[in-house]
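Below is one structure; the comments refer to it alone.
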Amino acid sequence: QVQLVESGGGLVQIGDSLRLSCAASCLTLSSFAMGWFRQAPGREREFVAALSWGGGITNYADSVKGRFTVSRDNAKNIVYLQMNSLKPEDTAVYYCAAVHRSIWSDATAGSEGKYAYWGQGSQVTVSS
């Protein structure tokens with residue numbers, strides 16, 4: 001009955017910003033680390049960012065470091081991905097995912113196989 005729903009995607013131009021949201025239901029967000037993944041056309045799904053259950057530890061793919069920021073609001077059960085300085089290479093469907101705190105670690109943050117729950121994705125398109 002756990003559900004993750006992404007929102008906030010859309011069509012933007014190079015250099016623009018977007019903030020994706022991931023709303024969780026039937027899940028105590030404070031007990032889960034959250035990850036963001038994306039899948040571009042013709043490519044495999046790849047890791048983007050992750051946030052520890054307490055919100056104090058973040059992990060980012062090299063391709064988004066310095067541009068993207070992941071955060072969470074446990075009271076609202078929402079995880080965010082702030083995306084700045086967007087590039088055409090960022091065009092993809094973005095997915096949020098949850099992994100229980102007992103399983104997650106910094107070393108495995110980018111391993112999609114560790115995440116038990118996934119949203120349906122939100123399309124982000126960056127035009128040139």
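These numbers come from a predicted model, not from an experiment.
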Interatomic spacing from CG in Asn59 to NZ in Lys65 - rounded to 0.5 Å: 8.5 Å
Verify same cluster id: Met83, Val5 (apolar side-chain graph, 4.5 Å): no
Atom pair CG (Asn84) and CG (Asp16), whose distance is rounded to the nearest 0.5 Å: 10.0 Å
Tyr115 (side chain) donor-acceptor with Ala109 (main chain) under 3.5 angstrom: yes
Report the relative orientation of the aromatic rings in Phe32 and Tyr117; use parallel for angles under 30°, tilted for 30 to 60°, perpendicular for over 60°. perpendicular
Start with the C-alpha gap between Lys76 and Ser21, add the side-chain angles, then the distance that decides, and say whether side-chain contact (heavy atoms from CB on, under 4.5 Å) holds. CA-CA 11 Å; Lys76 296 181 179 179; Ser21 299; over 6 Å; no
Distance-only, no hydrogens or angles: does the Glu6 side chain make a donor-acceptor pair with backbone N or O of Gln120 under 3.5 Å? yes
Going hydrophobic residue to hydrophobic residue with side-chain gaps under 4.5 angstrom, can you get from Met34 over to Tyr95? no
Restricting to non-hydrogen atoms, name the atom on Leu4 and the atom on Ala98 that form the minimum distance, rounded to 0.1 Å. CD1-N, 3.9 Å
Smallest heavy-atom separation, Trp118 atom then Glu112 atom, equals CZ2-O, 3.4 Å
Side-chain (Ser122) to main-chain (Ser7) donor-acceptor, under 3.5 angstrom: no
Regarding Ser105 and Thr108, do their side chains bring together a donor and an acceptor under 3.5 Å, going by distance alone? yes
Please confirm whether the backbone N or O of Asn74 pairs with a side-chain atom of Ser30, one donor and one acceptor, at under 3.5 Å? no
I need the minimum non-hydrogen distance between Ala61 and Phe47, along with the two atoms involved. CB-O, 3.3 Å
So, Arg72 side chain and Leu29 main chain: donor-acceptor pair closer than 3.5 Å or not? yes
Are Ile103 and Leu27 co-members of a hydrophobic cluster defined by side-chain heavy atoms under 4.5 Å apart? no
Tyr60 vs Val70 side-chain heavy atoms within contact, under 4.5 Å: yes
Is it true that Leu81 and Phe37 fall in one hydrophobic cluster, defined by side-chain heavy atoms closer than 4.5 Å? no
Between CH2 on residue Trp104 and CG on residue Leu51, distance to nearest 0.5 Å: 7.5 Å
Closest heavy-atom contact between Gly9 and Leu20? N-CD2, 3.4 Å
Does CD belonging to Glu89 count more than 12 external heavy atoms closer than 6.0 Å? yes
Main-chain N/O of Gly15 paired with Ser85 side-chain donor or acceptor, under 3.5 Å: no
Which heavy atom of Ser17 sits nearest to which heavy atom of Gln82, and what is that distance? CB-NE2, 3.9 Å
Rounded distance (nearest 0.5 Å) linking atom CZ of Arg38 with atom SG of Cys96: 15.5 Å
OG-CD distance between Ser128 and Gln13, expressed to the nearest 0.5 angstrom: 10.0 Å
Does the side chain of Asn77 reach to within under 4.5 Å of the side chain of Ser25, using non-hydrogen atoms? no
Rounded to the nearest 0.5 Å, how far does CG of Leu86 lie from CZ of Arg67? 6.5 Å
Heavy-atom closest pair, residues Trp36 and Tyr80: NE1-O, 3.6 Å
Under the side-chain contact (heavy atoms from CB on, under 4.5 Å) rule, what do Leu11 and Gln123 come out as? Steps first, then yes or no, please. CA-CA 8 Å; Leu11 175 63; Gln123 177 70 49; over 6 Å; no
